[in-house]
There are 2 protein chains.
Amino acid sequence: MAADHQNHPAAPTITEVAAAAGVGRATVARTLGNYGSVSEATRAKVMRAAEKLGYQPNTLARSMTTGVTKTLGIVLADVANPFFSGVLKGISETAKSAGYDAIILSTDEKLELERDAIAVLLAKQVDGLVVASAAGRSDDVSHLSNAMDRGTPVVLIDRLVDKLETDSVVIDNREAARSAVASLIQHGHRRIAFAWGPVTLSPATDLKQMHSILDEALWSDGERLRGYLDALEEAGIPFDTALITHVLKNEGQATRAVSGMLALADPPTAIFTTETEATVGALHSLRAKNLRVLKDVSLIGFDDSPWAAVMEPPLTMIQQPMRQMGVVASQQLIARIDGDTSAPKKHVLPSQLVARSSDGPVRAARGN
Amino acid sequence: MAADHQNHPAAPTITEVAAAAGVGRATVARTLGNYGSVSEATRAKVMRAAEKLGYQPNTLARSMTTGVTKTLGIVLADVANPFFSGVLKGISETAKSAGYDAIILSTDEKLELERDAIAVLLAKQVDGLVVASAAGRSDDVSHLSNAMDRGTPVVLIDRLVDKLETDSVVIDNREAARSAVASLIQHGHRRIAFAWGPVTLSPATDLKQMHSILDEALWSDGERLRGYLDALEEAGIPFDTALITHVLKNEGQATRAVSGMLALADPPTAIFTTETEATVGALHSLRAKNLRVLKDVSLIGFDDSPWAAVMEPPLTMIQQPMRQMGVVASQQLIARIDGDTSAPKKHVLPSQLVARSSDGPVRAARGN
DNA sequence: CTGTTAGCGCTTTCAT
DNA sequence: ATGAAAGCGCTAACAG
């Protein structure tokens, strides 16, 4: 009783309520648990007794006997990332209105922490899992397949995992990236930076190597880079590895990588960023070089944020339906928990290019 | 067994491991639970059997008997708010490294949802609670005091609750606001907008009414407004209710309210915002009126964000030690769970005014 | 409609 | 060092 140092009265149980109400324990359970049938008279007695004792149910005990916890396990890469906290909102709301609670664990993009998280959640007997996996294409995902084998349904969100045949909720990252980059190309850009790409120790030097790197990458990273390559290919623009970051995913690294590109003899005239931190990093690089968005360098990036609209100029961004993704994922999960055994469903939600003013024609004149 | 529709093998229990290992259940429990003593020989046997069966502990059952869940309940106003997601990071890390898990619930600033959240968490038998309460000064907080009475420690974060004698982790909101506003005054500003204040139907028309509104407000709102008033008073500047928003807390409302102030005959020359959404709202108002930050209107606001540094000009912001607040809160909570019965502690962490370039001297010339 | 009796999977005396 | 048995708070048959 670690929490019971100051001689707090032990929480009253069903037994004590039964005694106080002068009825059997099962009757109390039926009344308070709201199942079976009880006469109005006894129900009232029980309620009064429960009220008086300040009875609070112990869901642990309930779950023990029913085998159901009415709890969803949510494993995300980073709750501080606006994308994921948006998703979370959709999940929490949906879960709550369906009578579920959600336990949220953040993995910081580390597969090892993801494994821990799944283990913890399974140990807590969650009824199902929503996970944005940190697993790359070649990583072992037995922690997820094991969960499924044990009968705990999992739905993937934001990132697919090749070897896992299960429900998923994603956007068409490849097409979203392709069309954004294509619009940059239409503005005349041919030197387009990509921040950021899959992390790798040895950057690709040709397309073939690039594709083999892609095969190892995190799904969404791979898709976005593929979309970028698609757009380049459509326009017959040769790709240049010097224009693709391969760095650790944080703002500082993005800043450094983009700064490097900007210092190239033939620097990019446009930048495509695949995540909020990369966008902020790119903006830092631009500032440092005294380059202005649009006027000097065009910019389009993934994941719209409230502040993007108040930048000068306002940023053109790809907006994902974060909340909706969370809603769909949890609905799908709950359907599985409720016994839906149909084939795995892949929900592809529409993303949207929110056109503002950070992208435009190439400017020859450059600051510096 | 809602989750067990597809004839999944039931998860092996301690009993089955015992059978497979040819030992008693208690021995298995001791081995797997890592307590008591077992000989190396049997320990090995048990481990092998457990491995082979893919045994996973059921922490629900464990918690049932021990009365301890090793779980912290976290109740926050809004996980999507960068401030809270920063706090969350600190909490998660600390909890994890102390062997605790965290269940996070978001209340959307609604007291009713907070009550539900606490009930859910208590029902799940969490060992302690960290809460950023949505309770105003006059609200009933029995849901929190009851939790404490039952022996579940609670530590407040970000917001104090008057009637609750318990641990807390906050910054000195009043002083942070005062000094920020004072620096604005030093730059010559006398018309300083405050966005946003406590929500109220009938805005105060004089200082006295203002103070009575303050007494009802959310603690942090009240403190920040007090700090603003302190600075004004120090400088002998009369306060003007027209310069204080009393609107619902969202970006749109902030935008509208600040736009109204900007349209005043005697508009503000500086704006002080108390939260990220208010800052973004104020920036929208400025854009709409074609007013530039610093050049036309100075701006200082609460809660630094990565993007604030890449705005043009970069924004001067009050930075709270979010992560650290989470760390301290969870450490304090865990200490209580571990039996610390000393007097309630109020941790006041230092905030910091990150000086950038959005604040400066009053400019007479105005756009429009 | 209501009470009694078994457990759920684990930990914890208490013997051995 | 190990096993047997009791019990955590609740629900789920099964009687009555």
Side-chain angles (χ1 to χ4, degrees), chain A residues 1-4 9-47 49-50 53-70 122-125 127 150-151, chain B residues 1-4 9-47 49-50 53-70 122-125 127 150-151:
Chain A
M1 297 316 82
D4 204 8
T13 72
I14 212 178
T15 309
E16 300 160 65
V17 176
V23 300
R25 305 171 354 146
T27 306
V28 175
R30 280 188 272 255
T31 309
L32 269 16
N34 220 56
Y35 61 91
S37 42
V38 273
S39 71
E40 254 325 310
T42 46
R43 142 167 255 100
K45 265 194 303 190
V46 172
M47 289 309 242
L53 296 182
Y55 172 83
Q56 299 271 150
N58 180 333
T59 53
L60 251 44
R62 172 175 301 168
S63 298
M64 275 286 314
T65 94
T66 60
V68 167
T69 52
K70 280 288 180 181
L122 254 22
K124 280 200 188 307
Q125 313 295 115
D127 295 337
R150 298 169 128 280
Chain B
M1 301 311 86
D4 204 8
T13 73
I14 212 177
T15 309
E16 300 161 66
V17 176
V23 300
R25 304 169 358 140
T27 306
V28 175
R30 281 187 269 256
T31 308
L32 269 16
N34 221 55
Y35 59 91
S37 42
V38 274
S39 72
E40 254 324 310
T42 46
R43 143 168 252 97
K45 264 195 303 190
V46 171
M47 288 311 240
L53 297 182
Y55 172 82
Q56 299 271 150
N58 179 334
T59 53
L60 251 44
R62 171 174 304 166
S63 298
M64 275 285 316
T65 94
T66 59
V68 166
T69 53
K70 280 287 181 180
L122 254 24
K124 280 199 190 308
Q125 314 294 115
D127 295 337
R150 298 169 129 278

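The distance from the OG1 atom of Thr27(B) to the CZ atom of Arg43(B) is 11.5 Å, given to the nearest 0.5 Å. Expressed to the nearest 0.5 Å, how far CG of Leu60(B) lies from CE of Met64(A) amounts to 7.0 Å. The CZ atom of Arg30(B) lies 12.0 Å from the CZ atom of Arg25(B); values are rounded to the nearest 0.5 Å.
Residues of residues 23-31 of chain B that place a heavy atom closer than 4.0 Å to DNA chain C, in numerical order, are Arg25(B), Ala26(B), Ala29(B). Less than 4.0 Å separates DNA chain C from at least one heavy atom of each of the following residues of residues 33-42 of chain A: Ser37(A), Val38(A), Ser39(A), Thr42(A).
Residue Lys70(A) contributes atom NZ, which lies 17 Å from atom C1' of dC10(D) at whole-angstrom precision. One atom, CG of Asn58(A), and another, C1' of dC8(D), lie 9 Å apart when rounded to the nearest Å. At whole-Å resolution of the value, CE in Met64(A) and P in dA12(D) are 13 Å apart. Residue Glu16(A) contributes atom CD, which lies 8 Å from atom P of dG9(D) at whole-angstrom precision.
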Would Val23(B) and Val28(B) count as a side-chain contact (heavy atoms from CB on, under 4.5 Å) if you check the C-alpha gap in whole Å, the side-chain angles of each, and the deciding distance to 0.1 Å? CA-CA 7 Å; Val23(B) 300; Val28(B) 175; 3.7 Å; yes
Checking Thr31(A) against Thr42(A) for the side-chain contact (heavy atoms from CB on, under 4.5 Å) test, could you report, in this order, the C-alpha distance in whole Å, the side-chain angles of both residues, the deciding distance, and whether it holds? CA-CA 9 Å; Thr31(A) 309; Thr42(A) 46; 5.9 Å; no
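For the pair Ser63(A) and Gln125(A), the minimum side-chain heavy-atom distance is 4.5 Å or more. Between Thr13(A) and Asn58(A), every side-chain heavy-atom pair lies at or beyond the 4.5 Å cut-off. A heavy-atom distance below 4.5 Å is found between the side chains of Arg150(A) and Gln56(B). Between Met47(A) and Leu32(A), some side-chain heavy-atom pair lies under the 4.5 Å cut-off. Side-chain atoms of Val68(B) and Asp127(B), non-hydrogen and from C-beta on, do get closer than 4.5 Å to each other.
Across every non-hydrogen atom of Pro57(B) and Arg62(B), the tightest pair is CB-NH2, 4.2 Å.
Residue order along DNA chain D, read from the 5' end via each residue's closest nucleotide, puts Arg43(B) first among Leu60(A) and Arg43(B).
Nucleotides of DNA chain C lying under 4.0 Å from heavy atoms of chain B occupy a range whose first and last members, 5' to 3', are dG9(C) to dT12(C).
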